[in-house]
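All remarks here apply to the structure that follows.
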Amino acid sequence: ITLLIIIFSLFSCYSIKHLETDEYILKANKLLINNNNQTRIKNISKQEINTIIKQKPNKKILGFIPFHLWIYNFSNPEKNNWINTYLRKIGEKPVILNNNLVEKSINQIKAHCENNGYFTSSVTSNIEYKKHKAYINYNIKTGKSYLISQVRYDQITNKNIYNLIRQKHNEKELIKGDVFTYNKVNDKRIEIENILQNNGYYKFSKDLIFVTADSLKDNSINLDFFTKQKNLDSTVYEKFYIHKVFIHLNSSQLNQKKSYQDTIFKNGYHFIVNSEAKDNLKFKIISDLIEIKEENLYSKINAEKTYQNLSNLLFFKKILIEFIELKKENTLDCHIYLKSPTKMYYSVEGEIKRSADEGNLGISGYFQFGNNNLLKGAEKLNGKIKLSLENRQTSLNETDNLFNTKEISYEIQLSVPKLISPKIIYRKLKESLEMRTNFTFSLTKRQRPDFSSQILTQKLGYSWKTSEKSQHQLN
C-alpha cells in the first residue's frame, strides 16, 4: 500500500508539472439533486445525467487508480520518437478543465430535466480549485413536475384517421396523472404513425402529427393531438393497396449483372428468375414466408415480418423490399430482391506443429465441403475430413516410421431451417427466430503405439431465438 501511495504521488506531481499556470486537471464531477445526495427522483437519475455531462475526469481502474493517465505521463511531451508516441497512443491525455464545456453541460442537464417534465428546473455549478486540480459541483433544483390532466384527439379532422386512432391506440401510453415528458409524447406520435402505416396509410409519418400542451395552475397539462393540413400531397391521408408482388431471385439490382429473365406466376406471386437462379429455393418455400398479399392494404408491419421471415432462413446473402407507387390511384407494386449464396463450396487447410515441452512433431490437414441448398429448401449440408499425424515419445519399441500416431475423423452435418419436433413443442416455439434442426454424424479413428480407438457419434440438436438477444440450444 505504501508503494502504491508513493507511485500515486509521483505521477500526480508529474501530471501537474506539465500544466500551464491557468490550467487545471478535472478530478471529479459531483451531482447534487434538490440539495441532497439521493441518486434518483422520478424520471431523473444521476447515472443518466452523468452520461450527458460534456467533460468527464480521466477513467480509473478500481475507482481510484488513473492507470491510463499514468501510461500517458510516462511519455516525454517534448519527444516524438516511437516509444513516446506509443505511450501517448495507448494512454489517456489529462483532462484539462474547460469552462465552455461546463456551461454546455449545465444547458444539457436543464434540457434533460425539461424533457422529463420539470419545466421550472435550475442548474448551477461551483468549481473548487486545489493545486491545479478542479472539482465541479453541479447543483440541480428540479422544481415541481407537471402531470397529465387530459389527452384529446378531437382536433384531428379526418374522421377515418380519428376513428382508427381511437380504436387501436394504447390507452396506457399517456394516462391522467402521469408525469408529462417530451419522450412520452413523442412515443405516442410514433405509435400513431405505426397504427396508420399498418392500416394502409403508406405516406403518413409522425412529422404530420402536432401536439399542443396547455399548462394549468395546478401544475397539470392538457394535451391536444392534431394533424397538419396545409401544403400537403392530397394522398397523404389516403389508404394504399398492394397491386402486385414481384420476387426477384438473384436480381440484377443486387448483383448488378444483366442476364436473361423470365417471370413465373406461382402461389399468388410473380417470381422473376434468371439463368443464375436455377438452384434457388423452391417457390413455395419463399411464398410461405411472404406476409405481403396482392389486393390487401399496405402494412408496414407485414413488410417487416416478411423481411424477418426471410432472414430467419439464414440463407439469403441480401434481402431488399421496395414499394413503388403506380399511376393507378392509390396502388403500390412491391418488389422483393433476394440474393442467394454460392450453392457449393469447399476449403483445404493444413498446419505443422511442434509441442514445446516434449518436442513432438505433428502435421494435420483439413478438407471441408458443403452445399447451402441441398434439397432446395435452404437445407445446409456440411462435411469435414481431418487427418493428423504425430511423432509421440513412448517407452515402447520404436519403429522406423516418421510418425507413430495417426488420427482421422469424418463428420457430416445436415441443418434444416425449422424445428423437426412433436407438434405440441412446435406450436409453443413457432414464433421463434432462426429455428434450425441439426443432424450430426461423426467417426474418429485413433492409432497410437500404446492403444487404438474408434469413436462413433450421432447427435440431434435444436437452436432457436426467442428474441434478438436470447438464443437457445438443445443437443
Note to self: I'd like to know if the side chain of Ser105 reaches the main chain of Lys54, judged simply by a donor and an acceptor atom lying under 3.5 Å from each other, with no hydrogens or angles considered.
What the structure shows: yes

Notebook entry, point to check: Just by distance, with hydrogens left out, do Glu103 and Asn107 show a side-chain donor and acceptor under 3.5 Å apart?
Noted result: no

Margin query: Measuring only between side-chain heavy atoms, which start at C-beta, is Asn194 closer than 4.5 Å to Lys300?
Written below: yes

Note to self: Quick check: closest heavy atoms across Phe204 and Gln197, and the distance to 0.1 Å?
What the structure shows: O-NE2, 2.5 Å

Notebook entry, point to check: Do Asn371 side-chain atoms and Leu374 backbone N/O form a donor-acceptor pair below 3.5 Å?
Noted result: yes

Check: Do Asn438 and Ser463 have side chains that get closer than 4.5 Å, going by heavy atoms?
Finding: yes

Next item on the list: To the nearest 0.5 Å, tell me how far Leu249 CG sits from Lys339 NZ.
Entry: 12.5 Å

Notebook entry, point to check: Can you find a side-chain donor-acceptor pair between Asn330 and Thr235 that sits under 3.5 Å?
Noted result: no

Next item on the list: Describe, in one word, how the ring planes of Tyr146 and Phe119 are oriented to each other, choosing from parallel (under 30°), tilted (30 to 60°) and perpendicular (over 60°).
Entry: perpendicular

Notebook entry, point to check: Salt bridge or not for Asp224 and Arg152, using N-O below 4.0 Å?
Noted result: yes

Check: Between Ala213 and Leu223, which heavy-atom pair has the shortest distance, and what is it?
Finding: CB-CD2, 3.8 Å

Next item on the list: Establish, yes or no, whether a centroid distance under 6.0 Å links the rings of Phe283 and Tyr269.
Entry: no

Check: Of all heavy-atom pairs between Ile190 and Lys206, which one has the smallest distance, and what is that distance?
Finding: CG1-CD, 3.6 Å

Note to self: Using a 3.5 Å distance criterion without hydrogens, assess whether the side chain of Gln155 forms a donor-acceptor pair with backbone atoms of Phe226.
What the structure shows: no

Item checked: Expected output: side-chain Thr227 to main-chain Leu208 donor-acceptor under 3.5 Å -> no

Note to self: Test your reading of the model: is there a side-chain donor-acceptor pair from Asn58 to the backbone of Lys93, 3.5 Å cut-off?
What the structure shows: yes

Checklist line | Stepwise side chain to side chain contact (heavy atoms under 4.5 Å, CB included) test for Ile324 and Leu332 | finding: CA-CA 5 Å; Ile324 298 177; Leu332 303 167; over 6 Å; no

Notebook entry, point to check: Does the side chain of Leu32 reach to within under 4.5 Å of the side chain of Asn137, using non-hydrogen atoms?
Noted result: no

Check: Out of Tyr241, Tyr202, Phe240, which one pairs with Tyr298 under the ring pair (Phe, Tyr, Trp, His ring centres under 6.0 Å) rule?
Finding: Tyr202

Note to self: Counting only heavy atoms not in Lys184 (residues, nucleotides, ligands), do more than 12 fall under 6.0 Å from its NZ?
What the structure shows: yes

Next item on the list: Without swapping roles, check the side chain of Gln47 against the backbone of Ser45 for a donor-acceptor pair under 3.5 Å.
Entry: no

Check: Between Arg189 and Glu193, is there a side-chain N and carboxylate O pair less than 4.0 Å apart?
Finding: no

Notebook entry, point to check: Do other residues, nucleotides or ligands put more than 12 heavy atoms under 6.0 Å from the NZ atom of Lys305?
Noted result: no

Margin query: Has His132 got a side-chain atom pairing as donor or acceptor with Glu23's backbone, closer than 3.5 angstrom?
Written below: yes

Check: Under 6.0 Å from the NZ atom of Lys141, do we count more than 12 heavy atoms belonging to anything else shown?
Finding: no

Note to self: As a quick check of understanding, evaluate side chain to side chain contact (heavy atoms under 4.5 Å, CB included) for Asn198 and Asn302, giving each step before the final call.
What the structure shows: CA-CA 8 Å; Asn198 291 335; Asn302 284 346; over 6 Å; no

Next item on the list: For Arg166 and Ile161, indicate whether the former's side chain and the latter's backbone hold a donor-acceptor pair under 3.5 Å.
Entry: no

Next item on the list: Could you tell me whether the side chain of Glu114 and the main chain of Ser121 form a donor-acceptor pair under 3.5 Å?
Entry: no

Margin query: side chain to side chain contact (heavy atoms under 4.5 Å, CB included) for Ile292 and Phe323? Distances and angles first, verdict last.
Written below: CA-CA 11 Å; Ile292 306 164; Phe323 292 91; 3.9 Å; yes

Note to self: Hydrogens and angles aside, do Asn116 and Thr181 bring a side-chain donor and acceptor to less than 3.5 Å of each other?
What the structure shows: no

Margin query: Once rounded to the nearest 0.5 Å, what's the spacing between atom CG of Asp333 and atom NE2 of His243?
Written below: 6.0 Å

Note to self: Can you give me the closest heavy-atom contact between Tyr138 and Ile109, atom names plus distance?
What the structure shows: CD2-CD1, 4.0 Å

Notebook entry, point to check: Just wondering, do Phe225 and Val151 contact through their side chains at under 4.5 Å, heavy atoms?
Noted result: yes

Next item on the list: Quick one: pull up NE2 in His472 and CE in Met435 and give me the separation to the nearest 0.5 Å.
Entry: 12.5 Å

Check: Just checking, Lys130 and Tyr135: is the charged tip under 6.0 Å from the six-membered ring centre and within 45° of the axis?
Finding: yes

Item checked: Heavy atoms from other residues, nucleotides or ligands near CD of Glu351 exceed 12 (cutoff 6.0 Å) -> yes

Note to self: Between Pro57 and Val95, is there a side-chain heavy-atom distance shorter than 4.5 Å?
What the structure shows: no

Note to self: Is the shortest side-chain heavy-atom distance between Asn199 and Lys168 below 4.5 Å?
What the structure shows: yes

Next item on the list: State whether the number of non-hydrogen atoms from other residues, nucleotides or ligands found under 6.0 Å of Lys144 atom NZ is greater than 12.
Entry: no

Note to self: Keeping Asn373 on the side-chain end and Ala378 on the backbone end, is there a donor-acceptor pair under 3.5 Å?
What the structure shows: yes

Checklist line | Student check: side-chain heavy atoms of Cys334 and Ile336 closer than 4.5 Å | finding: yes

Item checked: Verdict with supporting geometry, Phe316 and Ser340, side chain to side chain contact (heavy atoms under 4.5 Å, CB included) -> CA-CA 5 Å; Phe316 297 108; Ser340 301; 4.1 Å; yes

Note to self: Can you see whether Gln413 engages Thr440 through a side-chain donor-acceptor pair at a distance of less than 3.5 angstrom?
What the structure shows: yes

Note to self: A side-chain contact here means heavy atoms from C-beta on lying under 4.5 Å apart; do Lys318 and Tyr337 qualify?
What the structure shows: no

